[in-house]
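Reviewing the structure listed below.
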Amino acid sequence: MTKSKDTNLEKTRELISEQGMKDLLTKQLEVVGSGGAFVWAIFFLCVTPNILNGFHVSSYTLLGHLPDDQWCGIDDLRATNWTLEQKRSITNRDLNSGGCTVWDWDYKQLSRMSYDEASNYTHRMSQINQPAEVSCKVKGNYEYLNPESTFVADWELTCDRSIQRTSAQVSISLGKFCGSFSFGILADKFGRKTSFTLGAAFFIVGSIMCSFSPWYSLFLIGRFALGAASSGLFYPAFTMIVENICLKHRSWMSIAFSASYPVGMILLAITGYLIQPWRYLQLALTIPSLLLILNC
């Protein structure tokens, strides 16, 4: 009977001690997190990367849009004095392939004629024997209107390679999927700040890779890193706000944190309107990410 009372007494003391510790921590958090430099430092630390997430997750629509116009530039016709419309009327007459295919004419022979002669010749020959329809790459190269505005033109992600264009968004989605659980494990094991710092490093490196990548494969790796980093920054940042800010500021700061993501999308739209070349636009979205160095 005495042992049972002693055991219950010890359990009661443990509960009181645990509850007292929670009360003490809560009171201290109310004091520290009620205002001042600490609160605003945490707020800035957590909101900044969420704005940057709004930049890159939605930037695909501006960086990888289809060109406004596309046609096939025939190598043998470059030396002629024909206008672009005249060349296209010979190579793509009655074709609706968007510049992916051309008629299999002897363009070297046509280049020795005037435009009127070539037009009459091809019209007459097509009535006798319709030429074959061949890929543009057989006769020349793809050409675009405003090619600098999209990475599609840099890596020729059109026609038979058009499906690869969407890989840019798939890569960032896969990165978010992998980052959501991998950075969560890191945060639980090594702490929120460590996970946040690693996510910031991934974000900066991925942004730089996307801006200066000479190959599409490296660009996709950079997009994957951005996706992983966005998860690595979002969840620890939100948790740090909830855990470190007092009840007085917690509600509105949580709302502001959630609103910072669409703010990033709005800033992306404004930046995309002002900057047309896709590499310059990507660089403009990359430079603010250097602010994450201050957060580390």
For the pair Lys139 and Asp76, evaluate salt bridge (Lys or Arg N to Asp or Glu O under 4.0 Å) and give the outcome as yes or no after the intermediate values.
CA-CA 8 Å; Lys139 296 292 185 178; Asp76 292 330; over 6 Å; no
Testing the basics here: between [X] and [Y], what is the closest heavy-atom pair and its distance to 0.1 Å?
| X | Y | answer |
| --- | --- | --- |
| Pro147 | Ala153 | O-CB, 3.3 Å |
| Ser260 | Val47 | CB-CG1, 3.6 Å |
| Ala284 | Thr271 | CB-CG2, 4.1 Å |
| Ser230 | Lys176 | OG-CG, 3.4 Å |
| Ser58 | Met265 | OG-CE, 3.5 Å |
| Ser211 | Arg279 | O-NH1, 3.0 Å |

If you take the centroid of each ring, where Trp contributes its six-membered ring, are Trp278 and Phe219 closer together than 6.0 Å?
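Yes.
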Within the 6.0 Å centroid threshold, strictly below: Phe202 and Phe224
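No.
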Are Ile90 and Val102 close enough, and set up right, to give a side chain to side chain contact (heavy atoms under 4.5 Å, CB included), and what steps lead you there?
CA-CA 9 Å; Ile90 296 291; Val102 294; over 6 Å; no
Hydrophobic cluster identity match, [X] and [Y], side-chain contacts under 4.5 Å:
| X | Y | value |
| --- | --- | --- |
| Ile51 | Tyr273 | yes |
| Phe203 | Ile287 | yes |
| Phe212 | Leu218 | no |
| Leu95 | Tyr142 | no |
| Leu281 | Leu274 | yes |

Count the heavy atoms belonging to other residues, nucleotides or ligands that lie under 6.0 Å from [atom1] of [X], then report whether that count exceeds 12.
| X | atom1 | result |
| --- | --- | --- |
| Asp106 | CG | yes |
| Trp215 | CH2 | no |
| Ile163 | CD1 | no |

Which distance, rounded to the nearest 0.5 Å, do you find between the [atom1] of [X] and the [atom2] of [Y]?
| X | Y | atom1 | atom2 | answer |
| --- | --- | --- | --- | --- |
| Leu233 | Leu226 | CG | CG | 10.0 Å |
| Phe43 | Met253 | CZ | CE | 5.5 Å |
| Phe190 | Ile185 | CZ | CD1 | 10.5 Å |
| Leu77 | Tyr107 | CG | OH | 7.0 Å |
| Cys100 | Glu133 | SG | CD | 9.5 Å |
| Tyr261 | Ile266 | OH | CD1 | 12.5 Å |

Looking at side-chain heavy atoms only, is the closest gap between [X] and [Y] below 4.5 Å?
| X | Y | answer |
| --- | --- | --- |
| Ser207 | Phe55 | no |
| Met125 | Trp105 | yes |
| Tyr144 | Glu156 | yes |
| Phe196 | Pro49 | yes |
| Cys159 | Lys137 | no |
| Val170 | Leu220 | no |
| Val134 | Thr101 | no |
| Leu186 | Thr194 | no |

Would Tyr115 and Thr83 count as having a side-chain donor-acceptor pair, cut-off 3.5 Å?
no
For Arg223 and Ser213, does a side-chain donor sit closer than 3.5 Å to a side-chain acceptor?
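Side chains of Arg223 and Ser213: no pair found under 3.5 Å.
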List the steps and the verdict of side chain to side chain contact (heavy atoms under 4.5 Å, CB included) for Ser119 and Met113.
CA-CA 9 Å; Ser119 179; Met113 306 177 187; over 6 Å; no
Any side-chain to backbone donor/acceptor pair from [X] onto [Y]? Under 3.5 Å, distance only.
| X | Y | result |
| --- | --- | --- |
| Trp103 | Arg93 | yes |
| Arg165 | Gly64 | yes |
| Asp69 | Leu145 | no |
| Ser289 | Leu285 | no |
| Gln164 | Arg161 | no |
| Thr150 | His65 | yes |

Under 30°, 30 to 60°, or over 60°: which ring-plane class applies to Tyr60 and Phe151, parallel, tilted or perpendicular?
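Tilted: the ring planes of Tyr60 and Phe151 meet at 30° to 60°.
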Kindly assign one of parallel, tilted or perpendicular to the pair Trp155 and Tyr216, based on the angle between their ring planes and the thresholds 30° and 60°.
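The arrangement is tilted - the two ring planes meet at 30° to 60°.
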Evaluation steps, side chain to side chain contact (heavy atoms under 4.5 Å, CB included), between Met209 and Ile221:
CA-CA 8 Å; Met209 288 173 65; Ile221 294 173; 3.5 Å; yes
Applying side chain to side chain contact (heavy atoms under 4.5 Å, CB included), run through Cys210 and Thr286 and close with a yes or a no.
CA-CA 9 Å; Cys210 290; Thr286 298; 5.9 Å; no
Measure SG to SG for Cys136 and Cys72 and state whether it is below 2.5 Å.
yes
